[in-house]
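Heads up: the structure comes next, in structure tokens.
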Number of protein chains: 2
Amino acid sequence: MAANILIVEDESSILELIALNLHQAGFNPIRAISAEYADNIVKETIPDLIVLDWMLPGMNGIEFAKRLRANSATKLIPIIMLTAKSDEDNKIEGLNEGADDYLTKPFSPRELVARIKALIRRRSPELVNDPIIVEGLVLDPSSHRVQVNNKSINIGPTEFKLLHFFMKNNNRVYSRNQILDKIWGDKSVIDDRTVDVHIKRLRESLKQSGYDKLIQTVRGAGYRFSNE
Amino acid sequence: MAANILIVEDESSILELIALNLHQAGFNPIRAISAEYADNIVKETIPDLIVLDWMLPGMNGIEFAKRLRANSATKLIPIIMLTAKSDEDNKIEGLNEGADDYLTKPFSPRELVARIKALIRRRSPELVNDPIIVEGLVLDPSSHRVQVNNKSINIGPTEFKLLHFFMKNNNRVYSRNQILDKIWGDKSVIDDRTVDVHIKRLRESLKQSGYDKLIQTVRGAGYRFSNE
DNA sequence: CATTCTTGTGACATTTTTGTGAAATATTTT
DNA sequence: AAAATATTTCACAAAAATGTCACAAGAATG
């Protein structure tokens, strides 16, 4: 389920640098050394995002982006444009022509990865399941684990879903019924108060790891996860 | 009491993108992958707003909008039309056929949310969930908190509702009976004077945070929340 | 198939909130 | 100034909301 990232870049050292970093970030890099080559790749598999060099031999980045935007199958693919030119005009033109973000060389790989995550998160949040961390409490959706100080804490399936839901929606109050809908699914004909019990169990698990007030009761309204 | 937003969109990635963003903005997204499906949903619950894709398999967006406009129960629901076509003709046709706003793909989720808020605010201002700030007093409906200088102040459920109501209706005088209707609901067979007591309790909470005269008594008329 | 884990519910305990009556203050009217 | 009216304050019992516990049924595991 890793996101496919197409990299279009003619300088192989940069191409490899990017590919390596994306791989390490858990993405699946697909390499293309020219727009024409990339075009063929796109015809086979629609990538989840494209990292596109501005200056390319043959068809350049802008043209390629235009082509993608003109085709209904590809027009929504997020594009991050790379360029060595740092002037504003190009940035504006790039964004106009359909780039969703823009990075000037030389760039830090870390920043590229961060921006890619941001874009992917916007379009297909299910593809980025980074661990969520609140006050040292780490919930990692991909490994289905909750850890504190690198030590896993024991937690039941429903408690996990609950905690995941809460951590994703930090600081917002949810009524028991909203929680039922989100965790159990709409079909549920389950008692409101079941939520209370699971909240209790979750609190207990968290308390054993030293987290005392992460889940707050908001009388008359529901529950809220918050570190404040 | 979050606003229900019906999203009618056949591409699931876009559907999810919109749903996620609406959820995070405090709305309650309802998903429909076709106009026919949406039609059934509308029969069950009237949404507060509809985000409607122009191109849909089966019945398309325009036709669906027409249907809604033809039915007195649904003709006032605000509709935001989404389209991949960027030409003006469609825009005009769309607006003529009953769309209240119009967004061309690809669009930024942030903008969609902004437009939705604008439309909802126009039709039902009470459904927009933004924090309300008066003289440093912050009431945030989504986290159900009242804060001063980033410090939460303690407040009971009824006091919260009261304060929320007052802050939304700054500077306006309400009689005890009006307040009873708004806060307790029509069913109330409750004594007028109960309002006085809750006003007292609210004043007390506010006073402890340094707000002394926010709620004013208007003799013979009722109460007013005002920072003047 | 037996064992272990997880789940939802009902019963009960605890805490918080609520509405009311009555008394105390305040404001206006006579 | 006294009377009449309106509002504030207080204490308290009833009601509502939440927390806790034990247990039987169900699901998952090996």
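Side chains are part of it too, since the values below use all heavy atoms of this structure and drop only hydrogens, waters and symmetry mates. Naming: A, B, ... by sequence-line order, numbering from 1 per chain.
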Between atom [atom1] in [X] and atom [atom2] in [N], what is the gap in whole Å?
| X | N | atom1 | atom2 | value |
| --- | --- | --- | --- | --- |
| D191(A) | dG10(C) | CG | P | 7 Å |
| L202(B) | dT7(D) | CG | P | 17 Å |
| R176(A) | dA16(D) | CZ | P | 15 Å |

Return the set of residues passing side chain to side chain contact (heavy atoms under 4.5 Å, CB included) with [X] (not counting sequence neighbours), or none when no residue passes.
| X | answer |
| --- | --- |
| I41(B) | L6(B), I30(B), A32(B), Y37(B) |
| Q216(B) | R224(B), S226(B) |
| I80(A) | L49(A), D101(A), L112(A), R115(A), I116(A), L119(A) |

Exercise. Considering the terminal five base pairs at each end of the helix from dC1(C)-dG30(D) to dT30(C)-dA1(D), what angle separates the two local helix axes, rounded to 10°?
Worked result: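 Roughly 30°, once rounded to the nearest ten degrees.
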Problem set entry | Strand contacts (DNA chain C) in residues 206-213 of chain B, 4.0 angstrom heavy-atom criterion |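 Nothing qualifies; none.
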For this session: Enumerate the residues from residues 192-200 of chain A whose closest heavy atom to DNA chain C is under 4.0 Å, giving them by residue number; use none for an empty result.
Result: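 Within residues 192-200 of chain A, the residues near DNA chain C are T194(A), V197(A), H198(A).
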So which protein N/O to nucleotides 26-30 of chain C N/O distances come out below 3.5 Å?
residue : atom : partner : partner atom : Å
dT27(C) : O4'  : R219(B) : NH2          : 3.3

Going by side chain to side chain donor-acceptor pair (under 3.5 Å), name the residues that satisfy it together with [X], two or more places apart in sequence or in a different chain.
| X | result |
| --- | --- |
| N169(B) | Y174(B) |
| E135(A) | none |
| R31(A) | E16(A) |

Problem set entry | Residue N149(B) excluded, over 12 heavy atoms near CG under 6.0 Å |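 Atom CG in N149(B) is not crowded, with 12 or fewer foreign heavy atoms closer than 6.0 Å.
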For this session: Using a cut-off of 6.0 Å, state whether more than 12 heavy atoms not belonging to D212(B) lie near its atom CG.
Result: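 Enclosed: over 12 neighbouring heavy atoms sit under 6.0 Å from CG of D212(B).
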Exercise. With sequence neighbours left out, which residue pairs that include part of residues 61-80 of chain B fulfil the ring-ring contact (aromatic ring centres under 6.0 Å, His included) condition?
Worked result: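 Sorted pair list comes back empty.
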Exercise. Among pairs that include at least one residue of residues 194-227 of chain A, which meet ring-ring contact (aromatic ring centres under 6.0 Å, His included), considering only residues two or more places apart or in two chains?
Worked result: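 The answer is W184(A)-H198(A).
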For this session: May I ask you to verify whether the side chain of R201(A) and the base of dG19(D) hold a donor-acceptor pair under 3.5 Å?
Result: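 Donor-acceptor pair under 3.5 Å: no.
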Exercise. Which is true for Y223(B) with a 4.0 Å heavy-atom rule: it touches a base, it touches only sugar-phosphate, or it touches nothing?
Worked result: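 Touches sugar-phosphate only.
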Exercise. Just how far is it from atom CG of L68(A) to atom CG of D39(A), taken to the nearest 0.5 Å?
Worked result: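 Taking CG in L68(A) and CG in D39(A), the distance rounds to 7.0 Å.
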For this session: With the side chain of P157(B) defined as its heavy atoms from C-beta on, choose the nearest nucleotide among dG21(C), dT18(C), dG10(C).
Result: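 Nearest listed nucleotide: dT18(C).
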